[in-house]
Amino acid sequence: MDVISLFMSGLWAAMQPDNLLYALVGCVIGTAVGVLPGVGPVAGVAILLPVTYGMTPVGALIMLAAIYYGTMYGGTITSVLMNVPGEAASVVTAIDGYQMAQQGRAGTALAIAAIGSFIGGTIATIAILFIAVPLSKLSLYFGPPEFFALVLVGFALLVTLAGDSVAKGVISAILGLALTLPGLDPMSGVPRMTFGVPQMLDGFGFVPILMGLFGISEILLNVENRRQSILTAPLSSLVLTRRDWREAAAPIMRGSLMGFLIGVVPGLGAATASFLAYAVEKRLAADPSRFGNGAIEGVAGPETANNASANAALLPLLTLGIPGSATVALIMGAFLIHGIKPGPFLFTEHSALVWTLIASMVVGNVILLVLNLPLVGIWAKVLLIPYPVLFTFILVFTIVGTYSIDSSLFDVAVMLVFSVVGYVMRKLGFPMAPLALTLVLGPQFETSLGQSLVMSDGDPVIFFRSWMSTGLIVVAVAAVLLPLLRPVMRSTQRLRGQDSEV
Amino acid sequence: MIQSVNVLRVALAVMIAAGVFLVVNGLQLRYYVRTGPGPGFFPVWIGAVLAASGLYLMAQGFLVREDSESFFPSREAAQRVGLVVLSLVCVWVALEYLGFRLAILGFALIVPQLFGRQSIATTVVIAVVASFGVAYGFERWLGVWLPTPELEFLQRLGL
């Protein structure tokens, strides 16, 4: 069956009432999460992950994916109306978006952001259509050594997630791996670090850990400031003039391309896409001085890029099983919870599910355009809810969600412990994304290493017997070494430049 | 006020101790079997890297002497964070004995009042929705059954 017919059958499934409902619920929640400062997409997906247990796998994934790319739309609202980004990828939108609001053009800014996000998300999804299958056909070459090498690539990309301190990033990543150790050894079945506690035989569930680390720790960070509620600027008309369209058209096209290319690379993230798009638009503008003073290109480009990036970020997850960010790692967790392993075999073993998910992203972007254009005034009112009331409900949902996994108060205790751990780690500047990545990929890492060495009777050369695993290991090594070598190369170039001047 | 650098040192000391524990525990399990890594292989390596990374950061921290900022922005901030954590611990204990509805009712009555300026009537409505409303929604619509009280007389009341 060719790609178009597979997509059309997925679209038919995505348009069924129950799947449409999941997409709608996900878009509404995602927009709400994006609107609320202090609750990012990671916390939103983490909090709602356990609620999806009772759903069908396709419904759960449609909803969680919609929450993820929905937050990109919602974050714009607070950026434009209050100069407070709802999430990281909307930071740069605040620069010109808020200025447009100050000039009485808040409606124009929000409209172009919503339209740009729709175009970027749709283009990214269509690109996934044509790239996903060829990429997943590489699955024919994947055995345990290739899986091990693939996970190594994922770990190597931790360097890009580590932020300013690589040492802290390494510790965060190692902690994530350490948390996968308790339980039963995957190769021998021997209990390991269970301390005689029966609940530990299954190890630490990654959902309670992630909910504590990301969901509740976020609230603890926000509670430090005695925030009550937030006032917003008034909205203006959403109608765009011909000049607005003319100025925004090229940034939207460039933002779509940049966002997609950045989104498919694990580790870069939607925030990187939006910052890069802003920088490019400013560089290309005939009058760069307009940027920072309400330039519509400063909203159109970044908003398109961040949504294109969010949609594209699902491609490495679906085709290679590599989550490129903490949020996508959580979505990967949702796959695993429902007994589905994302990666090279997904398109062959769960073809209907994955094509329905991809088609639902197109549907979801349409829903988000409808939600965010005429209903933007309603979203602005959500910000009037007092924060103490808001976080009370969020905490209640996290407790319910965690308990519902195994009807276990032990899981709730794990979540509470890791909420304090997450709070302390974030205050001390430890990046959390590497921990989420290794927590989710750790079991696969250990299992594929063990299986590979069993196949080769303990000989590690097995990892270099196929071109696929050798190539992936080379990529992993390069991903680690290049950022470390870049400062050295720059100093060498500078020295050469000084020598030539002499 | 607690300095961030001191909290970092304590955190790193805990990590180093955890790393050493993993190494010791791993060595007590089988490190390697004929066909590959045994159950102790990963704990040893992960523990070693964790302890080494912790030692590296600890050494950096001791070598660089600069004024450290306070871990909490203010005493009030520390109290607010502490209150949230304490209230969550109390909820966890209460969930087992009082069940979901009563535990969350108490939580939602107290926390918004501690941190906000809502009227009593508003707080009561919020608390009822957060406890009985959420329980109804999750149990009836999503099929998620929530903790019931251990105390018999509360069970007889249908809580």
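Chain letters run A, B, ... following the sequence lines, proteins first and then strands; every chain starts at 1.
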Enter the distance from A/I171:CD1 to B/Y56:OH here, rounded to the nearest 0.5 Å. 10.0 Å
If contact means a heavy atom pair closer than 4.5 Å, which residues of residues 179-189 of chain A contact chain B? A/L181, A/D185, A/S188
Those residues at least two apart in sequence (or on a different chain) that pass side chain to side chain contact (heavy atoms under 4.5 Å, CB included) with B/V23 are B/L27, B/A48
Residue set satisfying side chain to side chain contact (heavy atoms under 4.5 Å, CB included) with B/V91, at least two apart, ordered chain then number -> A/I399, B/L95, B/I104, B/F107
Engaged part of B/V134 at the chain A interface, taking heavy atoms whose separation is under 4.5 Å: side chain
With A/Y22 via side chain to side chain donor-acceptor pair (under 3.5 Å) - residues at least two apart: none
Region of B/L12 that comes under 4.5 Å of a non-hydrogen atom in chain A: side chain
Heavy-atom proximity to chain A below 4.5 Å, by part of B/L8: both
Any heavy-atom pair between the side chains of B/V84 and A/L395 that's under 4.5 Å? yes
Cut-off 4.5 Å, heavy atoms of chain A, and the answer for B/F71 is both
Tell me, out of B/A135, B/A77, B/G26, who's got the most heavy-atom pairs with chain A below 4.5 Å. B/A77
Checking B/A108 against chain A: side chain, backbone, both or neither under 4.5 Å from a heavy atom? both
